[in-house]
Amino acid sequence: MKVVYHADQKQHYPKQFLVNGCFQPNPEMPERLDRLLEGALAAGCTPETPPRQGMQPIEAVHSPAYLEFLERAHERWAHIAGASDAVTPNIHPDRRDVGYPASVVAQAGYHMSDASAPIGDRTWHSSCWSAWTAAHAAGLVLDGEPGAYALCRPPGHHAFSDMAGGFCYLNNTAIGAQVLRGSHDRVAILDVDLHHGNGTQSIFYARNDVLTVSIHADPRRFYPFFWGYANEQGQGEGLGYNLNLPLPRGSGDAEFTAALEVGLERIREFSPGALVIALGLDAFEGDPFGGLRVSTGGFRAIAARISAGLRLPALIVQEGGYLCDELGENLNQFLQGFQHG
Ligand SMILES: [Zn+2]
């Protein structure tokens, strides 16, 4: 299997984010890419650098106004006297609909669902390479590879078509799925990150050609709080094509695997031509977020079940998973489990 990544994805380096009312060190650090790359190489993956691809795959998922905001926000923000290093919203337009604002401060609130996706001077650049990483890896799957691993950073599954959030700017998983739709009538997304994939859900919520399934910690007491409930099943033509499987905080391998079987059954019923796995490794028992208790061996078992239970060409897109001693090994085990059972 190839591991696709670009070194410029490390240039995005948000120093802090707002959590519980305080600015704290941002755990979505460039070093994640090094640790994950070590894990992929240990699993026998061959590295490949994606080519620059233009905006088409990104524009297929994100709105023009949002992309213009992301590209220019930092430069505009820097003109505000005394402003922070990184664009961070301090006002949100929820429950108001008075048109699109002109101020970059107001646009930051309009285009960001929370204060955990600060935009620095290299955020746009690294985010584009992260998106192109997913698009290129999806192309490898279309060209006949049984699987490809897109080492995407920053991650993407909390990014909506016009909104950043939760360390995410461009939705790499959705971009990869849309590329796969070029040759497959139906594509399934299975999101195994600790957190609900709210951006991905939103992008495909009214569509029946892309099934979205997410297993995650119950949002009643966990980020992203306002999305991820079992009663969110899609709308319009998409009704019945979104499946949320929230797990109680602290659930381990057994509970996760039981939910996985429900998700796999729904995917088999949908009969897609290809699969995207939104691979967060933050469901790990030793992850700093501490929401679920999946073990290192559990990741291997989960991957083996996905592979054996679906037998589909698969694009694996890196989502969350934060610095801890086992981060690389968890990826190694997942990729080996996927390839060898
Ligand atoms: Zn996560």
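Both counts, for ligands and for their atoms, begin at 1 and track the order of listing.
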Answer yes or no as to whether an N/O/S atom of H157 is found below 2.8 Å from the Zn ion (ligand 1).
no

Checking distances from the Zn ion (ligand 1), one finds that the N, O or S atom of D282 closest to it is OD2

Please assess R249 against D218 for the test salt bridge (Lys or Arg N to Asp or Glu O under 4.0 Å), listing each intermediate value before the final yes or no.
CA-CA 7 Å; R249 285 280 294 273; D218 192 332; over 6 Å; no

Applying side-chain hydrogen bond (donor to acceptor under 3.5 Å, both in side chains) as the test, list every pair that has at least one member in residues 305-321; sequence neighbours left out.
Y149-Q318, T173-E319, E261-R305

Between the CG atom in N242 and the CD atom in Q201, the distance rounded to the nearest 0.5 Å is 4.0 Å

Qualifying side-chain hydrogen bond (donor to acceptor under 3.5 Å, both in side chains) pairs with a residue from residues 275-287, counting only residues at least two apart or across chains:
H195-D282

Shortest-distance N, O or S atom of H195 relative to the Zn ion (ligand 1)
ND1

For the Zn ion (ligand 1), the closest N/O/S atom belonging to D193:
OD1

